[in-house]
Amino acid sequence: MARVSGCCKISAFLILVLLSLNVVQSFYLPGVAPQDFLTGDELNVKVNKLTSTKTQLPYSFYSLPFCHPKVIVDSRENLGEVLRGDRIENSPYVFRMRDPQSCAVLCRVTLDAKTAKEFKEKIEDEYRVNMILDNLPLVVPIPRLDQEAPPVYQLGFHVGLKGQYAGSKEEKYFIHNHLSFTVKYHKDEQTDSSRIVGFEVKPFSVKHAYEGKWSDNTKLTTCDPNSKQPISNSNSPQEVADKQEIIFTYDVEYKESDVKWASRWDTYLLMNDDQIHWFSIVNSLMIVLFLSGMVAMIMLRTLYRDISKYNDLETQEEAQEETGWKLVHGDVFRPPSSSDLLCVYVGTGVQFIFMVLVTMMFAVLGFLSPSNRGGLMTAMLLLWVFMGLFAGYAAARLYKMFKGTEWKKVALRTAFLFPATVFGIFFVLNALIWGQKSSGAVPFGTMFALFFLWFGISVPLVFVGSYVGFRKPAIEDPVKTNKIRRQIPEQAWYMNPIFSIMIGGILPFGAIFIELFFILTSIWLNQFYYIFGFLFIVFVILVITCAEISVVLCYFQLCSEDYLWWWRSYLTSGSSALYLFLYAVFYFFTKLEITKPVSGMLYFGYMLIASYSFFVLTGTIGFYACFWFTRLIYSSVKID
């Protein structure tokens with residue numbers, strides 16, 4: 001009956017997956033539901049954070065003295081958006097569907113020394129203004145050299161730019177105070193309603209002029225709302241300086257588009273030259289698959305020969321002349337030193353594996369599209385919390401196999417060791433962000449929510465999993481362990497633990513380093529990452545290479561009569577995290593333009609957390625591969 005029930009559950013799961021795939025093909029899953037607008041309907045333009053790839057410190061839009069509405073209303077952000085530093089608020093811009101505007105005056109601001117300095121600092125650090133319309137981010141179209149190719153789109157527009165007046169060598173700062181918006185819409189011919197499918201802008205710096213004293217009805221001489229000739233250059237730019245008067249204006253143009261609402265994100269997601277991306281990934285996959293095939297072939301041939309040789313021994317004299325990995329059968333399952341700590345790390349790694357698998361599944365199905373801002377980070381946090389159940393179970397099962405009795409102690413360490421380390425680094429980084437008065441600093445309410453997820457959900461689930469795992473019968477070793485520990489002979493130089501561990505991390509890192517480049521680019525250069533299907537394939541290849549390289553080096557280690565494989569199997573594949581961090585250092589100095597010490601500390605702090613997480617993930621994969629391998633080979637031979 002249990003088997004029938006299990007088959008029914010699997011069948012039901014497969015049916016749900018197939019139904020989900022059909023839903024993906026028939027309806028656009030990510031983001032909000034489509035919204036129809038009639039001519040003249042008001043469009044809510046929202047402002048988001050100011051971002052810079054040079055500082056990595058986001059700031060609220062109204063941290064600068066831009067024009068603001070009478071009442072600033074914060075939008076409700078999810079957990080992921082808050083952790084990303086998003087601060088979505090209303091704006092004074094007034095758009096009406098298919099009602100173009102020309103040279104609309106937003107407000108007039110007179111700078112003092114303080115506000116001028118603030119603008120100059122943001123211009124110097126190349127900050128960009130981010131805005132949102134109908135859940136679409138604002139982009140700036142950049143024409144390509146090939147006129148027939150579609151333009152490249154950059155998220156947000158620069159606050160301003162630096163330049164020099166003709167005949168002067170002194171560098172000045174100029175602000176983009178005139179925005180020429182283009183709203184693209186797809187029209188329904190039957191209902192005459194429209195759906196927004198694009199939101200673009202061209203920023204200009206214009207020193208506006210007017211006659212007489214300023215009032216609400218003052219007309220500008222630099223642009224005429226009735227001329228229908230929008231501003232198209234910055235020949236007379238607006239300088240940023242003390243006591244300078246800045247008039248903010250904007251145009252709105254509406255263009256009908258053939259792009260349907262369900263495909264409107266394609267413009268944003270196809271920003272880069274994806275041919276290089278595809279070629280690099282396919283090339284990496286082919287290399288790794290070839291190496292994996294070679295490793296698998298060598299292992300199968302060698303193991304088959306060894307097991308056949310050991311099982312064909314006919315006399316007791318021959319049996320006593322054991323050589324190779326069979327010689328250490330009485331010590332190979334001896335519990336390692338610091339076995340409690342190994343159980344904790346293996347349990348945490350299982351938690352990571354399940355979190356990544358479920359996250360990948362949701363991402364591939366489209367639920368975690370970039371249109372769902374903060375969705376990916378929110379999903380990962382929640383899944384991490386609930387996967388604590390598997391962490392406790394795996395740690396307790398391994399702990400009981402090592403003849404341990406204090407399962408509560410191991411459960412407590414599993415629930416706290418990794419999260420506490422990560423939270424300690426995160427708290428220091430958050431304090432640095434607070435010191436810079438950045439919107440990226442996590443507020444107290446969100447910090448309390450994170451503590452609640454940790455202590456209120458994750459910790460109890462770890463203890464529940466540990467309780468269930470410890471009540472299960474202990475995993476029995478396929479061979480008996482000798483009471484007297486066997487002496488390990490002197491090893492060859494290439495079997496030195498440090499050398500073999502460092503060599504073992506190269507192949508897993510080689511499986512992901514090309515994809516790693518695109519992931520780092522999306523995180524630190526403010527671009528979208530969307531090819532989750534390829535990422536899932538790369539993750540599968542990573543699992544295979546971690547398992548195979550750990551098994552191969554474990555086999556060589558046992559053949560040289562060294563039975564201390566427990567920790568080395570974990571560290572062999574886990575050492576790929578060291579190469580990941582070294583690549584992050586290389587990426588920092590070759591691709592990023594970060595100059596501020598605080599920004600550099602943020603980068604290396606977050607990459608340290610990422611590398612530590614990668615170590616736990618890959619180490620656990622290598623450990624379980626060797627665990628399965630050793631049990632398989634020692635249960636396949638006749639031990640006298």
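Positions are given from 1, in the same order as the sequence printed here. Just so you know, these numbers come straight off a predicted model, no measurement behind them.
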Original post:
Is the Phe66-Phe119 ring centre distance short of 6.0 angstrom?
Top reply: yes

Subject >> Contacts of Lys596 that satisfy salt bridge (charged side-chain N to carboxylate O under 4.0 Å, His left out) - sequence neighbours left out >> reply: Asp125

Original post:
Taking Ser573 for the side chain and Cys546 for the main chain, is one N or O donor matched with an acceptor at less than 3.5 Å?
Top reply: no

Subject >> Residues which pass ring-ring contact (aromatic ring centres under 6.0 Å, His included) with Phe588, listed by chain and number, not counting sequence neighbours >> reply: Tyr603, Phe604

Original post:
Taking the six-membered ring for Trp, are Phe418 and Tyr612 ring centroids under 6.0 Å apart?
Top reply: yes

**OP:** Establish, yes or no, whether a centroid distance under 6.0 Å links the rings of Phe423 and Phe451.
**Re:** yes

Original post:
For the rings on Phe352 and Phe614, is their centre-to-centre separation under 6.0 Å?
Top reply: no

Original post:
With under 30° as parallel and over 60° as perpendicular, where do the rings of Tyr250 and Tyr93 fit, or are they tilted in between?
Top reply: perpendicular

Original post:
Under 6.0 Å between ring centres, would you say that holds for Tyr587 and Trp524?
Top reply: no

Subject >> Donor-acceptor pair between Glu124 and Tyr173 side chains, under 3.5 angstrom >> reply: yes

**OP:** Report yes or no: do Asn90 and His68 form a side-chain donor-acceptor pair below 3.5 Å?
**Re:** no

Subject >> Which residues share a salt bridge (charged side-chain N to carboxylate O under 4.0 Å, His left out) with Glu200, sequence neighbours left out >> reply: Lys184

Original post:
So does Tyr583 have more than 12 non-hydrogen atoms from other groups sitting under 6.0 Å from OH?
Top reply: yes

**OP:** Would you please indicate if the ring centroids of Tyr185 and Phe199 are separated by under 6.0 Å?
**Re:** no

**OP:** Taking salt bridge (charged side-chain N to carboxylate O under 4.0 Å, His left out) as the test, write out the residues that go with Arg373, two or more places apart.
**Re:** Glu81

Subject >> Sole residue of Leu580, Val543, Leu542 in side-chain contact (heavy atoms from CB on, under 4.5 Å) with Thr618 >> reply: Leu542

Original post:
Is it true that Arg264 and Asp134 make a salt bridge, defined as a side-chain N closer than 4.0 Å to a carboxylate O?
Top reply: yes

Subject >> Neighbour count above 12 (heavy atom, 6.0 Å) for Phe536 CZ >> reply: no

**OP:** Evaluate whether atom CZ of Phe452 has more than 12 neighbouring non-hydrogen atoms of other residues, nucleotides or ligands under 6.0 angstrom away.
**Re:** no

Original post:
Does the side chain of Ser52 come under 3.5 Å of the side chain of Tyr59 through a donor N or O and an acceptor N or O?
Top reply: no

Original post:
For Gln101 and Arg96, does a side-chain donor sit closer than 3.5 Å to a side-chain acceptor?
Top reply: no

**OP:** Write out all pairs satisfying salt bridge (charged side-chain N to carboxylate O under 4.0 Å, His left out) with one or both partners inside residues 48-64, taking only residues at least two apart or from two chains.
**Re:** Lys49-Asp86

Original post:
Is the closest side-chain donor-acceptor distance between Thr249 and His178 under 3.5 Å?
Top reply: yes

**OP:** Could you list all the salt bridge (charged side-chain N to carboxylate O under 4.0 Å, His left out) pairs where at least one residue sits in residues 351-371, not counting sequence neighbours?
**Re:** none

